[in-house]
Amino acid sequence: MTRLAQLLSAPLLAVLALVLLAAPALAQDADPADGAPAGDAIETNAGPIQEPEADEVMPGDGPEGETALESGEIALDEGEGVHGDADGHGAEHPPPPVWLTIPFAVLLLMIATGPLFYPHFWHHYYPHVAIALGAAVALYYWLGLHDTLPILHAAEEYFSFIALLGALFVASGTILIKTDFPGTPKNNSVLLLAGAVLSNFIGTTGASMLLIRPYMRLNAGRLKAYHIVFFIFIVSNVGGALTPIGDPPLFLGFLRGVPFFWTVTHIWYIWLPTILAITAVFYVIDRRNKAESLREGAEDVGRDVEPGEVPGARAVPEAPGVEDVQDVHAEGEVEVDLPSDRPNPKQLEIEGKAGFLWLGVVIASVFLDPNIFGWVPDLHEILHVPFGIREVIMFAVCVAAYKTAKPEALRGNDFNFEPIKEVGFLFIGIFLTMQPALTLIGQWAQVNADSIGVTTFYFGTGMLSGVLDNAPTYVSFLSAAMGKFGMDVNVPSMVSDFAVVGAGTSIETTFYLQAISVAAVFFGALTYIGNGPNFMVKAIAESSGVQTPSFVAYVIKYALPILIPIYIVVWFVFFSGYVVPQPADAEAAAAAAEAVVRTPGLLLRF
């Protein structure tokens with residue numbers, strides 16, 4: 001009976017979660033006075049939506065650059081937001097109390113401590129915990145504040161998140177990359193750098209899902225926790241800073257009016273030294289790992305190793321003679337018979353090439369958004385559901401890619417749905433419980449925008465991107481930065497001016513957008529929940545029997561001592577004003593920079 005309950009609990013919880021997320025959309029439909037329609041609710045902390053002038057040219061809709069942002073069609077009084085003011089909740093709905101952030105803190109604490117101190121309970125009941133905490137916040141918004149808009153935002157963001165992550169997870173899982181190259185510091189560094197570049201074309205999520213399994217196989221016999229950590233640093237986060245496809249915050253900026261090629265032209269010279277610095281630290285650490293890749297040991301004695309074979313130890317799933325994936329996780333060693341004394345050419349083989357087609361479909365569908373192409377049906381408005389055509393296509397890819405996959409490729413990748421299940425349930429709770437924190441942070445940023453400078457925007461966006469989802473954090477601080485200059489994040493022409501020409505003023509507003517964009521992407525690597533791929537990589541590694549750092553160990557042992565010093569140097573060179581000149585209005589930023597530089601704890605005194 002207990003076994004039956006466990007089998008039934010997951011689908012029942014999934015149905016409950018979907019109902020919980022979809023209910024606000026129906027409530028919005030039933031009571032239009034309670035907020036804006038689903039299609040117009042884009043971000044919780046968005047600024048006021050302004051009605052464009054009749055002759056105003058807006059970017060993104062056809063060759064003449066007319067508006068593609070449907071929310072611009074709503075006529076609101078000056079200074080009136082979706083719910084009445086800049087924080088999106090206005091007079092009709094008061095902001096959430098500070099104590100409503102407690103469920104979010106509790107969930108983060110349990111994610112950090114559960115696997116360490118009560119693993120049996122956590123493994124069996126983490127879906128119940130995540131959904132219960134999320135439901136508590138949702139019910140308070142619904143029944144206590146009579147405000148369903150934040151929950152609708154959470155639903156829209158969650159469906160977009162899980163659809164993209166799930167589609168990339170399944171599509172990449174059908175592609176089996178096999179190679180005989182051994183895992184050495186040089187080869188690993190090259191792979192990480194290649195993954196960083198690739199992440200700008202198929203996203204950090206796509207690159208992470210595609211490369212994590214072959215990366216682990218390269219290092220069979222010498223794979224340590226730091227290998228997984230630096231993969232998250234480089235491929236899953238910092239690498240994707242050059243295009244809107246690379247990371248979700250940049251894609252949100254693109255949807256709101258930031259030109260597509262703005263990121264590569266304004267961030268590449270910050271991206272390149274940062275990537276090289278993190279890779280250099282990895283290379284030094286990896287050189288201290290004296291263990292040899294098992295493939296390397298075979299090559300040293302002139303033995304030919306077929307791709308996928310791990311001589312003298314556990315076989316990886318695609319090795320010859322392995323018929324059951326459970327053999328990979330058997331106790332002890334599974335010996336692999338090797339042909340003797342033949343030259344060992346460096347081989348690279350790919351099975352399941354059709355998976356690349358599915359990846360292409362997923363990447364192309366990312367742009368099927370009514371805000372980009374006016375001909376795309378808006379399911380938010382038509383059916384009042386918290387997802388669109390894009391998410392429908394991505395969910396369809398999940399099914400089609402799995403059903404058409406080669407069994408050998410799935411077996412070779414040790415493919416199972418446990419990683420995406422874990423991420424799916426935990427992030428239901430995360431997306432729901434973080435709404436009060438996002439609202440309060442956005443409200444604070446709006447109120448204090450005039451008194452804060454580039455340094456605060458950089459470190460504020462960065463540190464909060466590490467503990468909250470970096471996409472809505474990016475929008476919150478972008479809205480505050482634009483409000484500093486009397487601009488509206490919901491008007492694409494203003495966003496474009498803010499990014500490119502400084503809104504027709506002598507002030508270089510691009511400086512602020514650089515700081516926010518860099519921080520949102522780079523600092524997403526600070527924790528497992530800062531960016532979607534982080535937790536997925538951890539889950540995939542653990543499902544393959546690889547030990548990964550706990551939530552706390554990841555932060556204390558790796559992120560803080562390695563990333564923070566590098567990010568401080570990035571700030572010092574590009575945003576402090578000591579090396580790259582500050583924009584004309586940045587006296588506050590310069591003063592803050594001087595105060596930080598004179599702080600003995602940072603060892604940057606001059």
Side-chain angles (χ1 to χ4, degrees), residues 39 42-43 59-61 68-70 153 155-175 195 197-211 235-237 239-264 355-380 385-401 420 423-424 427 431 469-472 474-475 492 495 517 520-521 524 531-533 536:
I42 298 178
E43 290 297 332
D61 185 11
L69 191 64
E70 297 293 336
H153 290 152
E156 293 174 354
E157 293 164 3
Y158 177 78
F159 278 106
S160 296
F161 166 83
I162 201 64
L164 177 62
L165 208 63
L168 291 173
F169 171 75
V170 176
S172 63
T174 66
I175 303 170
V197 175
L198 181 64
S199 64
N200 291 288
F201 295 93
I202 64 173
T204 52
T205 300
S208 298
M209 299 303 98
L210 183 64
L211 296 179
V235 180
S236 302
N237 287 275
L242 296 183
T243 70
I245 299 175
D247 218 40
L250 305 181
F251 187 71
L252 281 182
F254 168 67
L255 290 180
R256 290 179 177 270
V258 177
F260 188 88
F261 292 104
W262 181 91
T263 47
V264 68
F356 288 108
L357 175 62
W358 295 119
L359 284 177
V361 172
V362 174
I363 299 303
S365 67
V366 166
F367 296 94
L368 291 180
D369 190 292
N371 294 332
I372 302 176
F373 301 110
W375 51 266
V376 176
D378 190 345
L379 299 187
H380 298 284
V385 291
F387 52 84
I389 291 292
R390 173 176 56 202
E391 287 72 39
V392 172
I393 293 174
M394 290 177 180
F395 285 130
V397 167
C398 291
V399 177
I420 194 67
V423 170
F427 274 84
F431 273 92
D469 186 74
N470 59 359
Y474 167 93
V475 174
V495 177
S517 301
V521 176
N531 199 15
M536 279 297 300

**Q** Which heavy atom of Ile175 sits nearest a heavy atom of Leu359, and at what distance?
**A** CD1-CD1, 3.8 Å
**Q** With sequence neighbours excluded, what pairs up with Leu211 under the side-chain contact (heavy atoms from CB on, under 4.5 Å) test?
**A**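 With sequence neighbours excluded, Leu211 shows a side-chain contact (heavy atoms from CB on, under 4.5 Å) to Leu198, Phe231, given in chain and number order.
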**Q** Run the ring pair (Phe, Tyr, Trp, His ring centres under 6.0 Å) test against Phe161 and tell me which residues pass, sequence neighbours left out.
**A**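 Checked Phe161 against ring pair (Phe, Tyr, Trp, His ring centres under 6.0 Å); matches are Phe427, Phe431.
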**Q** Holding to side chain to side chain donor-acceptor pair (under 3.5 Å), I want the full list of residues that pass it with Asp369, two or more places apart in sequence or in another chain.
**A**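 Checked Asp369 against side chain to side chain donor-acceptor pair (under 3.5 Å); matches are Asn371, Arg390.
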**Q** Quick one: list whatever passes side-chain contact (heavy atoms from CB on, under 4.5 Å) with Pro377, sequence neighbours left out.
**A** Ile382, Ile389
**Q** Could you list the donor-acceptor pairs under 3.5 angstrom formed between side-chain atoms of residues 162-173 and any protein atom two or more places apart in sequence or on another chain?
**A**
unit_1	atom_1	unit_2	atom_2	d
Ser172	OG	Leu168	O	2.6
Ser172	OG	Phe169	O	3.2
Ser172	OG	Met209	O	3.4

**Q** Between Ile245 and Phe201, which heavy-atom pair has the shortest distance, and what is it?
**A**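 For Ile245 and Phe201, the tightest heavy-atom pair comes out as CG2-O, 3.7 Å.
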**Q** With sequence neighbours left out, write down each residue that passes side-chain contact (heavy atoms from CB on, under 4.5 Å) with Val399, or none if nothing qualifies.
**A**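 Residues passing side-chain contact (heavy atoms from CB on, under 4.5 Å) with Val399: Lys403.
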**Q** Would you list the pairs meeting side-chain hydrogen bond (donor to acceptor under 3.5 Å, both in side chains) in which at least one residue belongs to residues 159-171, sequence neighbours left out?
**A** Ser160-Glu391
**Q** Kindly give the heavy-atom pair with the smallest separation between Phe387 and Leu379, and that separation in Å.
**A** O-CB, 3.4 Å
**Q** Working to the nearest 0.5 angstrom, can you tell me the gap between Leu210 CG and Thr174 OG1?
**A**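 If we round to the nearest 0.5 Å, Leu210:CG and Thr174:OG1 are 9.5 Å apart.
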**Q** Going by the rule ring pair (Phe, Tyr, Trp, His ring centres under 6.0 Å), which residues pair with Phe260 if we only count those two or more places apart in sequence or in a different chain?
**A** Phe254
**Q** Do you know the tightest heavy-atom contact between Gly424 and Tyr158?
**A**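 Shortest heavy-atom separation between Gly424 and Tyr158 comes out as O-OH, 2.7 Å.
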**Q** Which residues pass the side chain to side chain donor-acceptor pair (under 3.5 Å) test with Ser208, sequence neighbours left out?
**A** Ser236
**Q** Grab the two heavy atoms, one from Ala241 and one from Val521, that are nearest each other, plus how far apart they are.
**A**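 Residues Ala241 and Val521, closest heavy atoms: CB-CG1, 3.8 Å.
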**Q** Taking all non-hydrogen atoms of both residues, which atom of Met536 and which atom of Val423 are closest, and how far apart?
**A**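 Closest approach of Met536 to Val423: SD-CG2, 3.3 Å.
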**Q** With sequence neighbours excluded, tell me which residues meet side chain to side chain donor-acceptor pair (under 3.5 Å) with Asn470.
**A** Asp247
